Chemist: 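Attaching a single structure in structure tokens format; questions to follow.
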Amino acid sequence: MLSNSHPSEEVQGIIAPIGSLSCKGDPITSFGQREFRLTNWVENHKPAARVPTHLMMAWMMWFVVGAALAGFGATWLWQAAPVKAPWFAAAAIALGVVKSRFVLDNAARRVIERIKTRGDGRCLGGFLSLRTWGLVLLMMVAGRLVRGSLARGIVGPLYIAVGTALCLASRITWRAWRDSRHAS
């Protein structure tokens, strides 16, 4: 409650009662409860990590998601068209290689630069920007809509292409992670 804060203290952020929990330098109210600034509490309790950990998270996310997409896509393609599946899969893989080279490789480099620029001690989920997390959410929703509206024989090659591109682009974040481990 704002009325219980010390008048000489400048209010920055949100002040919230927490009972017996406290952070350094918190004022004690007349009710005996400790109050703290929510922003300080978040800063002190966030799951922070060093740069190599952020790079590993980026690499693992790209690779695991890519492998899962490619695996589901291949399964659906082979179930829908077992005779033509190898040809469609080869075309999808080729498309994925092109997408990785001209789109996702650059995105991976931007993610690496963001992680290195932000430095150690940042929130673990911050290896991607809010904008990128929004894009991930948008792609998940789009993938769900595509799966629900098109036949799996059509969705399969699309998933193979996107999965291949993610797996190939993950090599860039993997190298950055490997190099950061040897540097530290």
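All values below were derived from every heavy atom in this structure, side-chain atoms included, with hydrogens, water molecules and symmetry-related copies excluded. Since the structure is predicted, the reported quantities are computational estimates derived from the model, not experimental observations.
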Chemist: Between CG of Leu137 and OG1 of Thr132, what distance do you get to the nearest 0.5 Å?
Modeler: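 The distance works out to 12.5 Å.
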Chemist: Tell me if a side-chain donor or acceptor on Thr75 pairs with a main-chain N or O of Gly71 at a distance below 3.5 Å.
Modeler: yes
Chemist: Linking I/L/V/M/F/W/Y whenever any side-chain heavy atoms sit under 4.5 Å apart, do Val65 and Val103 land together?
Modeler: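 Yes, it is one cluster - the side chains of Val65 and Val103 are joined through contacts under 4.5 Å.
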Chemist: Could I get the full list of ring pair (Phe, Tyr, Trp, His ring centres under 6.0 Å) partners for Phe72, not counting sequence neighbours?
Modeler: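 Partners of Phe72 under the ring pair (Phe, Tyr, Trp, His ring centres under 6.0 Å) test: Trp76.
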Chemist: Can you tell me how far apart CE (Met57) and CG (Leu55) are? Round to the nearest 0.5 Å.
Modeler: 11.5 Å
Chemist: Are Trp87 and Leu95 co-members of a hydrophobic cluster defined by side-chain heavy atoms under 4.5 Å apart?
Modeler: no
Chemist: Do other residues, nucleotides or ligands put more than 12 heavy atoms under 6.0 Å from Met140 CE?
Modeler: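 Counting other residues, nucleotides and ligands, CE of Met140 stays at 12 neighbours or fewer.
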Chemist: Keeping Thr173 on the side-chain end and Ser170 on the backbone end, is there a donor-acceptor pair under 3.5 Å?
Modeler: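 Yes.
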Chemist: Nearest 0.5 Å please: distance from the CD1 atom of Ile112 over to the OG atom of Ser180.
Modeler: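 Atom-to-atom, Ile112:CD1 and Ser180:OG are 9.5 Å apart.
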Chemist: In Å and rounded to the nearest 0.5 Å, what is the CD1 to OG distance from Ile154 to Ser149?
Modeler: 9.5 Å
Chemist: Can you confirm if the aromatic rings of Trp133 and Phe127 lie within a centre distance of less than 6.0 Å?
Modeler: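 Under 6.0 Å, so yes.
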Chemist: Mind checking whether Pro86 and Trp78 have side chains closer than 4.5 Å, heavy atoms only?
Modeler: yes
Chemist: For Asp105, check salt bridge (Lys or Arg N to Asp or Glu O under 4.0 Å) against everything at least two apart and list the hits.
Modeler: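 If we apply the salt bridge (Lys or Arg N to Asp or Glu O under 4.0 Å) test to Asp105, skipping adjacent residues, the hits are Arg171.
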Chemist: CG of Asp120 to CD1 of Ile115: how many Å apart, nearest 0.5 Å?
Modeler: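 Taking CG in Asp120 and CD1 in Ile115, the distance rounds to 11.5 Å.
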Chemist: Closest heavy-atom contact between Ala169 and Ala108?
Modeler: O-CB, 4.0 Å
Chemist: Closest approach of Ala67 and Cys167, non-hydrogen atoms and distance?
Modeler: N-SG, 3.3 Å
Chemist: Less than 4.5 Å apart, side chain to side chain, heavy atoms only: is that true for Met61 and Leu128?
Modeler: yes
Chemist: Please answer whether the main-chain N or O of Arg118 pairs with a side-chain N or O of His54 as donor and acceptor at a distance below 3.5 Å.
Modeler: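 Looks like no, no N/O pair under 3.5 Å.
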Chemist: Kindly indicate whether a cation-pi arrangement holds for Arg175 with Trp177, taking the cut-offs as under 6.0 Å to the six-membered ring centre and within 45° of the axis.
Modeler: no
Chemist: Given 3.5 Å as the limit, does a donor-acceptor pair link the side chain of Lys46 with the main chain of Gly121, or not?
Modeler: yes
Chemist: Quick check: is Val64 connected to Leu166 through a chain of hydrophobic side chains (ILVMFWY, heavy atoms under 4.5 Å apart)?
Modeler: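 Hydrophobic grouping puts Leu166 apart from Val64.
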Chemist: For residues Val162 and Leu69, report the shortest heavy-atom separation together with the two atoms involved.
Modeler: CG1-CD1, 3.8 Å
Chemist: Before you tell me yes or no, could you show the steps for Leu104 and Leu168 under side chain to side chain contact (heavy atoms under 4.5 Å, CB included), namely the whole-Å CA-CA distance, both residues' side-chain angles and the distance that decides it to 0.1 Å?
Modeler: CA-CA 9 Å; Leu104 293 184; Leu168 288 176; over 6 Å; no
Chemist: Would Leu158 and Ile160 show up in the same hydrophobic cluster when neighbours are defined by side-chain heavy atoms closer than 4.5 Å?
Modeler: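 Shared cluster, no.
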Chemist: Are there over 12 heavy-atom neighbours, none belonging to Leu130, within less than 6.0 Å of that residue's CG?
Modeler: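 Check fails, neighbour count at 12 or below.
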Chemist: Counting only heavy atoms from other residues, nucleotides and ligands, does the tally under 6.0 Å from CZ of Arg101 exceed 12?
Modeler: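 Incorrect, the count does not exceed 12.
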Chemist: Would a distance-only check, ignoring hydrogens and angles, find a side-chain to backbone donor-acceptor pair under 3.5 Å from Thr53 to Ala49?
Modeler: no
Chemist: Compare all side-chain heavy atoms of Arg144 with those of Arg147 and state whether any distance is below 4.5 angstrom.
Modeler: yes
Chemist: Show your reasoning for whether side chain to side chain contact (heavy atoms under 4.5 Å, CB included) applies to Met60 and Phe63.
Modeler: CA-CA 5 Å; Met60 289 178 63; Phe63 183 78; 6.0 Å; no
Chemist: Between Phe88 and Tyr159, is there a shared hydrophobic cluster once you connect ILVMFWY residues whose side-chain heavy atoms come closer than 4.5 Å?
Modeler: no
